[in-house]
Amino acid sequence: MEREMKFATKCVHAAERPDPIFGAHTTPIFQTSTFIFENSRQGAARFAGEESGYVYARIPPNTPTNAVLAEKFAALEGGEAGQTFASGMAAITAVLLTTLKMGDHLISTDVVYGCTYSLFSEVLPRLGIDVSFVDTSELENVKKAFKPETKMVFLETPANPTMTICDIKEIADMARAHGVLCVVDNTFATPYFQKPLELGADLSLSSCTKYIGGHADLLGGIAAGNRDFIKSLAPVVGYTGGIMGPHEAWLCIRGLKTLHIRMERHAENAMKVAEFLESRPAIEWVRYPGLQSHPQHELARRQMSGYSGMLSFGIRGGIEAGRRLMDNVRLCSLAVSLGATDTLIQHPASMTHACIPREVREKVGITDGLVRLSVGIEDPEDIIADLEQALEKV
Ligand code: LCS
């Protein structure tokens, strides 16, 4: 049997093949909306799904550039196949519309990205789909949430923005025992630090806008799983059209070539920043999975091979103090999104998670005093110096 490539080698080489026409070393951007059939029989066979191949850029496999990205990402997640999308939200939407119907029930982690929460709490009930938000860090809660109508468990771990961790393996086992799908949003950890499919999940999805693209210059989404599940997404992808453009796919391919190096540096810097913040009297608490003080640190150690670059903290003086901190950073940018090369700071309660009703937010720990940091790959001394000078102004 052929030896399996290590992760770093997959980042660089997986799915890459020289262009057969001109021998271009990198994957070309196939900037086309449609594909020419050799004859009418071939066109009909492709539409009928009797022959694989490209048809039209909205219809999976979209374009050869998208296909290379999907295959590379699947190799990194340990899945058989992948599918690209216009954004992380388009990926989640396509998965829901493919797998759920009126009368079904979804169990979701209670702390999820704000738009995911709104999609689950506002749109799904309108379609007759019932959603239970549960604190999935307590297995007992998940166990109790299953109903005869449950069709999917959706996990976000580490969760945005509280960094709460849940046990993917235990929950995927429970889901399987109930004949229910387990889908994991792996955006925060990336396949470099966490492999949901190896832990038993049916699908691992990510916003490519974050660490996959890695440079804050694109929107995209992606999912990996077994071939049949990925194939089942194709009709909804084609009918709803939330597809990734070939140029974005090419940027993601380029981004993935350095994923392993970037993630190492993000995590190394985040640990240093987390320790710095924890040492400051002005900081009430810090949540970073790599810290001993994280409530699920032991689980994170078992489930992840590193702790990624995201952290949140509470500052004494609440939101007013947080505002002064955010308004006084110079190197860090005050911006939503995450996973960029530079350090981003933002306030979830009034920004990324403002769409969640206050009482729900407070109950799950997205308090007014919580500040979120996406630690970049700058020199950590410069990030810490910037936070230090901003803290002095609080
Ligand atoms: N999943 C997670 C965990 C996210 O953090 C986001 C976006 C998405 C899915 C959706 O991805 P998108 O459609 O934006 O590609 N999170 C954002 C955030 O925390 N700030 O701005 C966007």
Side-chain angles (χ1 to χ4, degrees), residues 69 73 77 83-96 108-121 123 133 136 154-166 168 183-191 193-194 196 201 203-224 237 240-245 248-249 251-252 255 266 270 287 289 304 308-312 326 332-340 342-356 361 364 366 370-376:
L69 171 61
F73 182 75
E77 287 276 0
Q83 173 62 45
T84 59
F85 303 89
S87 65
M89 292 317 302
I92 296 171
T93 303
V95 171
L96 297 176
S108 170
T109 302
D110 56 355
V111 178
V112 287
Y113 168 54
C115 290
T116 307
Y117 180 86
S118 295
L119 178 67
F120 289 179
S121 63
V123 181
F133 291 99
T136 49
F154 183 95
L155 305 176
E156 191 178 297
T157 181
N160 182 359
T162 57
M163 310 303 301
T164 310
I165 310 272
C166 65
I168 298 173
V183 172
V184 177
D185 185 332
N186 202 27
T187 300
F188 269 35
T190 83
F193 287 130
Q194 179 168 277
L203 198 80
S204 179
L205 60 82
S206 266
S207 163
C208 295
T209 317
K210 322 302 180 197
Y211 292 113
I212 304 300
H215 297 74
D217 51 10
L218 63 91
L219 275 171
I222 199 153
V237 173
T240 57
I243 59 116
M244 182 187 280
E248 280 77 8
L251 284 168
C252 288
H266 279 297
R287 281 286 173 274
M304 306 171 76
S308 205
M310 297 299 298
L311 62 89
S312 55
M326 287 183 278
C332 306
S333 298
L334 175 54
V336 298
S337 201
L338 58 110
D342 59 324
T343 300
L344 307 179
I345 191 165
Q346 69 110 4
H347 180 235
S350 67
M351 297 173 189
T352 50
H353 295 69
C355 53
I356 303 176
R361 254 194 287 118
V364 300
I366 310 170
L370 184 153
V371 176
R372 192 189 77 182
L373 208 56
S374 168
V375 181

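This chain uses plain numbering: 1 for the first residue, then up along the sequence. Both ligands and their constituent atoms are indexed starting at 1 by order of listing.
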Exercise for review: Say whether L219, considering both its backbone and side-chain N or O atoms, lies within less than 3.5 Å of an N or O atom on ligand 1.
Suggested key: no
Check your understanding: What atoms in ligand 1 come closer than 4.0 Å to a heavy atom of E156?
Key -> 3 (C)
Exercise for review: Without swapping roles, check the side chain of R372 against the backbone of P348 for a donor-acceptor pair under 3.5 Å.
Suggested key: no
Review point. Under 3.5 Å, is there a donor-acceptor pair between the side chain of S207 and the main chain of T209?
Key: yes
Review point. To the nearest 0.5 Å, what is the distance between CD1 (I356) and SG (C115)?
Key: 9.5 Å
Check your understanding: How many angstroms lie between atom NZ of K210 and atom OH of Y113, to the nearest 0.5 angstrom?
Key -> 6.0 Å
Check your understanding: With no hydrogens and no angle check, do the side chains of T352 and Q346 hold a donor and an acceptor under 3.5 Å apart?
Key -> yes
Exercise for review: For ligand 1, find out whether one of its N or O atoms is nearer than 3.5 Å to an N or O atom of Q346.
Suggested key: no
Point to revise | Residue, atom name and distance, where the atom is the protein heavy atom closest to atom 20 (N) of ligand 1 | key: S337 N, 2.9 Å
**Study point:** CG on L69 to CD1 on I222, rounded to 0.5 Å
**Key:** 3.5 Å
Practice item. Identify, by atom number and element, the atoms of ligand 1 in contact range of G220, meaning under 4.0 Å from any of its heavy atoms. Key: 15 (O)
Study note, to complete from the structure: The closest protein heavy-atom partner of atom 8 (C) of ligand 1 is Y113 CD2, 3.5 Å
Check your understanding: Between T209 and ligand 1, does any nitrogen or oxygen pair lie at a separation below 3.5 Å?
Key -> yes
Point to revise | Side-chain H-bond candidate by donor/acceptor type, T136 with T109, under 3.5 Å | key: yes
Review point. Could an N or O of ligand 1 be found under 3.5 Å from any N or O of G88, whether backbone or side chain?
Key: yes
Check your understanding: Applying a strict 4.0 Å limit to heavy atoms, is G221 in contact with ligand 1?
Key -> no
Practice item. Determine, using heavy atoms of M351 and all atoms of ligand 1, whether some pair is separated by less than 4.0 Å. Key: no
Review point. Under 4.0 Å from ligand 1, counting heavy atoms only, is it the side chain of V112, its backbone, both or neither?
Key: neither
Study note, to complete from the structure: min-distance protein heavy atom vs atom 19 (O) of ligand 1 -> R372 NH1, 2.7 Å
Revision key, fill the gap. among protein heavy atoms, the one nearest atom 22 (C) of ligand 1 is K210 NZ, 3.0 Å
Point to revise | Exam field: side chain N160 to backbone F188, donor-acceptor pair closer than 3.5 Å | key: no
Review point. If you measure from atom 5 (O) of ligand 1 to every heavy atom of N160, T352, N186, which option wins on shortest distance?
Key: N160
Exercise for review: Kindly say whether P161 contributes a backbone atom to a donor-acceptor pair with the side chain of S312 at under 3.5 angstrom?
Suggested key: yes
Review point. So, does T343 use its side chain to make a donor-acceptor pair with the main chain of G376 at under 3.5 Å?
Key: yes
Review point. So which protein heavy atom does atom 2 (C) of ligand 1 come closest to, and at what separation?
Key: D185 OD2, 3.4 Å
